[in-house]
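Worksheet: the structure to be examined is printed underneath.
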2 protein chains.
Amino acid sequence: MELFLQTVGSIYDETRVKILKFINKNGELCVCDIENSFEMIQSRISRHLKILKDGGFLKVERRGTWAYYSIRSPLDEFRLSVLKEIDLLDIEIPKLKKGCAL
Amino acid sequence: MELFLQTVGSIYDETRVKILKFINKNGELCVCDIENSFEMIQSRISRHLKILKDGGFLKVERRGTWAYYSIRSPLDEFRLSVLKEIDLLDIEIPKLKKGCAL
DNA sequence: TTTATATATCAATATATCTTGATATTTCGC
DNA sequence: GCGAAATATCAAGATATATTGATATATAAA
């Protein structure tokens, strides 16, 4: 139950739904790219990414100073259906703006 | 987005997940049956049922003084996958105890 | 019409979650 | 080692949601 609620809770937020859709569309991205594209402060993005990761939707890979987030694979059937549903949602997601200084 | 979040929010609660699983297992039930089976006060059950209904999972039919809740049909693919996932959850749900005085 | 049963809704409080700004951690290059 | 960039975490305030108890509504029976 706890795991299920964590999974559900991770998508019970407008920002996280958009981030998930954004990563699903654009593929692997680092935090600063998402931060820049969404024009939200870093701590906020970082927190949401962690929640989506803990919810089982994302994985992280650290390379140097960067943390690259991408859709976890393989996804179980339930999370796949969530992703599919989110993909069908008619919502605006920002254009990808690369944001890292280096 | 709003509708999606409402749907997701309706299952982001332990009690509601159990109620949904309970109705899915036992079929159409009136509020007092659920109230009695779960041993929760009426206002609490009533509220959760409303949220599950507004989330698109349940329908109500009033017959006399009773309100009978059941799984809405047909369900779209996403809500079906939710129901399936909840059905797979290894959680305890109470035994059905008919609760109406009449 | 009065009373009882079933259900819904409201107000107040308690609890959880989100956002922001500040700070901590990690890694790289000098 | 030191400073800068990228990321993570924490504390405080704001907002949302859950629970309870009280009350409102609706139906049926006497």
Side-chain angles (χ1 to χ4, degrees), chain A residues 1-20 23 28-55 58-70 96-102, chain B residues 1-20 22-23 28-55 57-70 96-102:
Chain A
M1 171 66 92
E2 230 173 277
L3 185 62
F4 175 77
L5 288 178
Q6 188 178 27
T7 302
V8 169
S10 74
I11 51 166
Y12 184 42
D13 179 278
E14 182 164 354
T15 301
R16 286 197 291 272
V17 170
K18 286 184 181 171
I19 290 177
L20 194 50
I23 294 179
E28 188 186 65
L29 293 170
C30 70
V31 180
C32 51
D33 291 336
I34 301 171
E35 186 188 337
N36 249 270
S37 303
F38 280 80
E39 294 178 337
M40 291 177 183
I41 64 175
Q42 185 269 325
S43 66
R44 185 175 172 186
I45 296 292
S46 183
R47 179 178 189 270
H48 285 311
L49 287 170
K50 176 178 170 48
I51 292 172
L52 283 169
K53 174 171 72 73
D54 293 345
L58 299 181
K59 69 176 198 289
V60 211
E61 197 189 323
R62 266 208 113 113
R63 295 202 290 272
T65 23
W66 294 274
Y68 291 90
Y69 284 84
S70 55
L96 177 57
K97 270 194 276 184
K98 289 281 178 182
C100 305
L102 302 185
Chain B
M1 171 66 93
E2 231 173 276
L3 184 62
F4 176 77
L5 287 179
Q6 187 177 27
T7 302
V8 170
S10 74
I11 50 166
Y12 184 43
D13 179 279
E14 182 163 354
T15 301
R16 287 196 290 272
V17 170
K18 287 184 181 171
I19 290 177
L20 194 50
F22 189 70
I23 294 179
E28 187 186 66
L29 293 170
C30 69
V31 180
C32 51
D33 291 336
I34 301 172
E35 187 188 336
N36 248 268
S37 304
F38 279 80
E39 294 179 335
M40 290 177 183
I41 63 176
Q42 185 270 324
S43 67
R44 185 174 172 187
I45 296 293
S46 183
R47 181 177 188 271
H48 285 311
L49 287 170
K50 177 178 169 47
I51 292 173
L52 283 168
K53 174 170 72 73
D54 293 345
F57 289 99
L58 299 181
K59 69 175 199 290
V60 211
E61 198 190 322
R62 265 206 113 112
R63 294 203 291 273
T65 23
W66 293 274
Y68 290 90
Y69 284 85
S70 56
L96 176 57
K97 270 194 278 185
K98 289 282 177 182
C100 305
L102 302 184

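In what follows, chains carry the letters A, B, and so on, assigned in the order in which the sequence lines appear, proteins first and then strands, with residues in each chain numbered from 1. Both backbone and side-chain heavy atoms feed into the values below; hydrogens, waters and symmetry mates do not.
- Rounding to whole angstrom units, CH2 of residue B:Trp66 and P of D:dT25 are separated by 21 Å.
- Closest to the B:Ile41 side chain, of the nucleotides D:dT20, C:dT19, C:dT7, is D:dT20.
- In this structure, of C:dG21, D:dA8, D:dA26, it is D:dA26 that holds the atom nearest to the side chain of B:Thr65.
- Taking the ring axis of A:Tyr68 as reference, the NZ or CZ atom of A:Arg62 does not stay both within 45° of it and closer than 6.0 Å to the ring centre.
- To the nearest angstrom, P of C:dT7 lies 11 Å from CG of B:Asn36.
- Checking C:dT19, C:dT7, C:dT17 against every side-chain atom of A:Thr15, the shortest atom distance belongs to C:dT19.
- Each of A:Glu35 and B:Asp13 was assigned the nucleotide of DNA chain D with the nearest heavy atom; the assignment lying further toward the 5' end belongs to A:Glu35.
- Backbone-only engagement by A:Tyr69 is indicated by non-hydrogen atom pairs under 4.0 Å involving sugar-phosphate atoms exclusively.
- Using a 4.0 Å heavy-atom cutoff across all strands shown, B:Arg63 reaches no nucleic acid atom at all.
- The base of D:dA8 lies close enough to the side chain of A:Gln42 for a donor and an acceptor atom to sit less than 3.5 Å apart.
- In this structure, the nucleotide among D:dT19, D:dT7, C:dC18 sitting nearest to the side chain of A:His48 is C:dC18.
- Considering only side-chain N and O atoms, A:Tyr12 lies under 4.0 angstrom from the phosphate OP1 or OP2 of D:dT17.
- A straight line from CZ of A:Arg47 to C1' of D:dA14 spans 13 Å, rounded to a whole angstrom.
- Atom pair B:Glu61:CD and D:dT27:P shows a separation of 14 Å (rounding to whole Å applied).
- Distance CG (A:Asp54) to P (C:dT17): 13 Å, rounded to an integer number of Å.
- Nucleic acid contact for B:Arg62: sugar-phosphate only, since backbone atoms but no base atoms lie under 4.0 Å from a heavy atom of the residue.
- In terms of position along DNA chain C, the nucleotide closest to B:Ala67 lies nearer the 5' end than the nucleotide closest to the other residue of the pair A:Ile51 and B:Ala67.
- In this structure, A:Glu28 does not pair ionically with A:Lys59, as no charged nitrogen and carboxylate oxygen lie closer than 4.0 Å.
- Of the candidate nucleotides C:dT9, C:dC18, C:dG21, C:dG21 has the atom nearest to the side chain of A:Ser43.
- D:dA8 atom C1' lies 17 Å from atom CZ of A:Arg44, rounded to whole Å.
- By the 4.0 Å N-to-carboxylate-O rule, A:Glu61 lies close enough to A:Arg63 to be salt-bridged with it.
- For the pair A:Ile34 CD1 and D:dT7 C1', the interatomic distance rounds to 12 Å; values are reported in whole Å.
- Protein atom CG of B:Leu5 is 14 Å distant from nucleotide atom C1' of C:dC18, rounded to whole Å.
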Report task. Walk me through it: do B:Cys30 and B:Cys100 pass the test disulfide bond (SG atoms under 2.5 Å apart)? Result -> CA-CA 8 Å; B:Cys30 69; B:Cys100 305; 3.1 Å; no
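- A salt bridge is absent between B:Arg44 and B:Glu35; no separation between the charged side-chain nitrogens and carboxylate oxygens falls under 4.0 Å.
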